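Everything below concerns the one structure shown next.
Read the numbers this way: they start at 1 and go in the same order the structure lists the ligands and their atoms. Quick caveat: nothing in here was measured; it's all calculated off a predicted structure. Only heavy atoms go into these numbers, but all of them, side chains included; no hydrogens, no water, no symmetry mates.
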Amino acid sequence: MIKEFSARFGGSPEHIFFCPGRVNLIGEHIDYNGGKVMPCAISLGTYMAVSKNKDRLLRFQSLDFPEKAALRLQESYTKAGKGWFNYPLGVINEILHDGNTISGLGMLFYGNLPIGAGLSSSASIEVVTIFALNKMFGLSISEKEMALMGKKAENEFIGVNSGIMDQFAVVMGKKNKAILLNSDTLDYEYLPFETGDYALAIINSNKQRTLADSKYNERFAECGKALKALKKELDVTHLCDIDINSFEKHRHLINDPVLERRALHVISENFRVGEAAEALKANDLITFGKLMYASHQSLKDWYEVSGRELDTIVEFCRSYKDCIGARMTGAGFGGCAIALVEKNKFEDFSSKITEYYNEKIGYKPAVFASETGNGVKEIK
Ligand code: GLA
């Protein structure tokens with residue numbers, strides 16, 4: 001990366017930063033409903049090599065995409081087409097809106113996360129950029145503010161109504177820990193996530209997440225409508241303020257079967273996160289795994305964000321004796337699933353699931369064992 005940087009911008013980079021991606025262990029599609037989620041950072045992520053320049057240009061280049069940009073420094077920016085550089089540009093725009101002054105920059109990015117596969121490649125590139133500028137220009141942005149700033153760029157600049165989970169996870173991640181995050185208050189605690197005899201498998205369906213953004217925004221809107229209906233009798237701010245008993249008593253207020261299913265997923269998923277946290281504290285991975293399967297079922301039947309590819313993966317996992325839990329992770333509509341698989345069966349699992357999936361879907365998934373990791377940092 002240093003050689004590439006020199007070839008493109010001249011000189012070696014002043015700094016190199018790294019920000020991980022994340023998997024969400026459980027608590028899906030509830031971080032925009034005031035729920036509790038349980039992500040952890042992984043060891044794959046985005047590297048950023050960067051130096052200041054005097055020519056007042058923000059130069060964006062990537063080892064992963066041919067597209068480049070060189071933009072004059074100005075007070076504010078708008079999204080330019082669909083290019084990858086909108087993600088770092090979006091957070092730079094936020095930094096400038098907050099009244100900060102920066103100089104021109106030569107920025108080279110490289111990522112080893114599969115792009116758009118539900119492992120938060122976008123949060124990773126956003127947060128690495130915020131972290132870099134914070135360090136290089138002494139901006140005093142706190143960790144929580146970094147996460148919030150990334151979310152704001154994603155919501156307002158990119159135009160996806162996503163929650164805080166991804167940005168928070170990639171800032172705050174810790175090796176061998178899951179983060180139990182209250183998406184409403186941003187209170188959080190670290191839970192032990194030591195998988196012992198089990199490997200945390202990531203199975204990339206290799207299904208492009210087409211329409212994911214628009215479907216995501218559709219689910220966001222549906223939750224808003226369900227909440228509005230329930231608020232006629234319940235004094236709550238978020239869907240996740242409602243417990244299952246109270247939901248059962250009031251679900252008739254929604255009067256729309258689709259919205260009712262959406263709410264049912266959200267409220268039951270929030271409950272499952274509580275149970276999953278207890279299971280981790282008790283080092284009970286078997287119970288944890290069952291909750292993963294239950295979460296997937298709810299995302300499939302009630303929230304309808306899974307799809308044939310992810311369902312095929314989870315269906316195989318259920319039939320494989322040494323896999324104790326599996327579910328889609330992230331926004332869904334393609335992307336990745338995660339599974340807990342006995343370590344000494346991993347090779348066998350990997351080849352059998354590949355064969356099964358290929359037969360049913362017509363192309364292969366990518367299967368790898370993942371390590372948990374730490375949050376964003378400087379590496380040079
Ligand atoms: C995406 C969003 C997150 C979260 C998940 C679903 O990753 O960025 O905020 O909503 O989907 O849980």
Side-chain angles (χ1 to χ4, degrees), residues 19-42 45-46 86-87 90-91 113-127 144 146-173 178-184 186 188 202 204-205 209 211-224 238-240 262 265-270 272-273 276 291-292 295-296 298-300 302-307 310 327-338:
C19 183
R22 64 99 190 88
V23 291
N24 185 23
L25 298 176
I26 195 159
E28 213 67 85
H29 282 280
I30 62 174
D31 65 339
Y32 49 91
N33 287 303
K36 286 191 178 171
V37 295
M38 204 193 283
C40 52
I42 56 178
T46 311
N86 283 299
Y87 292 92
V91 295
L113 282 168
I115 308 286
L119 301 181
S120 290
S121 51
S122 59
S124 177
I125 193 169
E126 286 159 3
V127 167
K144 271 190 189 165
M146 283 189 209
L148 288 166
M149 200 176 244
K151 174 180 184 296
K152 195 157 181 237
E154 188 88 32
N155 296 164
E156 292 172 14
F157 198 85
I158 303 293
V160 183
N161 286 316
S162 52
I164 189 69
M165 171 171 75
D166 302 350
Q167 288 80 8
F168 198 93
V170 303
V171 173
M172 305 301 286
I179 308 170
L180 179 61
L181 168 68
N182 179 325
S183 64
D184 180 26
L186 299 193
Y188 66 99
I202 297 184
N204 185 352
S205 68
R209 295 195 310 152
L211 292 181
D213 290 357
S214 58
K215 285 282 175 198
Y216 189 99
N217 287 344
E218 185 182 296
R219 292 294 175 278
F220 179 89
E222 287 168 344
C223 289
H238 305 289
L239 278 181
C240 289
R262 305 297 185 248
H265 164 71
V266 168
I267 291 163
S268 65
E269 181 77 352
N270 194 42
R272 277 187 290 275
V273 176
L291 291 161
M292 289 171 79
S295 167
H296 185 83
S298 172
L299 288 156
K300 171 178 182 278
W302 293 340
Y303 215 63
E304 295 175 280
V305 291
S306 176
L310 290 165
R327 58 186 291 279
M328 52 157 273
T329 192
F333 312 104
C336 291
I338 52 173

Judging by distance only, is a nitrogen or oxygen of Tyr32 under 3.5 angstrom from one on ligand 1? no
List ligand 1 atoms under 4.0 Å from Arg22, heavy atoms only on the residue side. 7 (O)
Go through the side-chain N and O atoms of Arg272 and Ser295 and say whether any donor and acceptor fall under 3.5 Å apart. no
I want to know if ligand 1 touches Asn24 in the polar sense, i.e. an N/O pair below 3.5 angstrom. no
Protein heavy atom at shortest distance from atom 8 (O) of ligand 1: Asp166 OD2, 2.6 Å
Under a 4.0 angstrom heavy-atom cut-off, which atoms of ligand 1 come close to Gly163? 9 (O)
With side chains defined as the heavy atoms from C-beta onward, is the minimum distance between Asn24 and Asp31 less than 4.5 Å? no
Mind telling me whether Phe168 and Tyr188 have parallel, tilted or perpendicular rings, with 30° and 60° as the class edges? perpendicular
Are Glu218 and Lys215 ion-paired here, with the side-chain N under 4.0 Å from a carboxylate O? yes
Would you call the rings of Phe220 and Tyr32 parallel, tilted or perpendicular, taking 30° and 60° as the class edges? tilted
Main chain of Gly35, side chain of Ser183: is a donor-acceptor contact present, judged purely on distance under 3.5 Å? yes
Just by distance, do the side chain of Ser205 and the backbone of Gly335 share a donor-acceptor pair under 3.5 Å? yes
Atom 6 (C) of ligand 1 - nearest protein heavy atom and its distance: Glu28 OE2, 3.3 Å
Using a 3.5 Å cut-off on N or O atoms only, is His29 in polar contact with ligand 1? yes
Starting from atom 5 (C) of ligand 1, which protein heavy atom do you reach first, and at what distance in Å? Met165 CE, 3.7 Å
Which residue and non-hydrogen atom of the protein lie closest to atom 3 (C) of ligand 1, and at what distance in Å? Asp31 OD2, 3.4 Å
If we only consider heavy atoms of Gln167, is any one of them less than 4.0 Å away from an atom in ligand 1? no
